[in-house]
Amino acid sequence: MGLLSLLFGWPLAPVRGVIRLGELIQEQVEHEMRDPTVVRHRLEEIEAARAAGQISEEEEALAMREVLQGMMGGPGPVEPTRRDQGR
C-alpha cells in the first residue's frame, strides 16, 4: 500500500509543500503578533503618531485595541464602538 500511495501522492507533493509553507508563515505571524517586544513597539508608534498629530484620539484608541486584541488572539479587525462613532 505504501508504494501505491507514493505513486499517487507524488503529483500532490508541490501542493502539500505550499500548504505547509502557508502554515509556517501563519505560525510566524501569530508568534510576532503575540511577542511583547513587537506589541510594545507598535503601541509606542501609535502613541508617537498621536503626539505628532498624525492620527486622532479615536483612531489611536481603535489602533491600540486592534494591537491588544491581536496579542490576546482575539478576532480580526476591531469595529468602532457606538461611543467611537458618536464623536
**Fill in**
CG (L62) and CD1 (I55) are apart, to the nearest 0.5 Å, by 9.5 Å
**Prompt:** Should L21 and L12 be regarded as members of a common hydrophobic cluster, given that ILVMFWY residues are connected when their side-chain heavy atoms come within less than 4.5 Å of each other, either directly or indirectly?
**Reply:** no
**Request:** Identify, with sequence neighbours excluded, every residue that meets salt bridge (Lys or Arg N to Asp or Glu O under 4.0 Å) alongside R20.
**Result:** E23, E27
**Complete:** So CZ of R42 and CD of E47: to nearest 0.5 Å the spacing works out to 11.5 Å
**Prompt:** With no hydrogens and no angle check, is any side-chain donor or acceptor of E59 less than 3.5 Å from a backbone partner on S56?
**Reply:** yes
**Asked** Hey, does V39 have a side-chain heavy atom less than 4.5 Å from the side chain of D35?
**Response** no
**Asked** CD/E60 to CG/L43 distance, rounded to the nearest 0.5 angstrom?
**Response** 9.5 Å
**Message:** List the residues meeting salt bridge (Lys or Arg N to Asp or Glu O under 4.0 Å) with E30, not counting sequence neighbours, and say none if there are none.
**Reply:** none
**Asked** How many angstroms lie between CD1 in I46 and NE2 in H41, if you round to the nearest 0.5 Å?
**Response** 10.5 Å
**Asked** Do M71 and M33 have side-chain heavy atoms sitting under 4.5 Å apart?
**Response** no
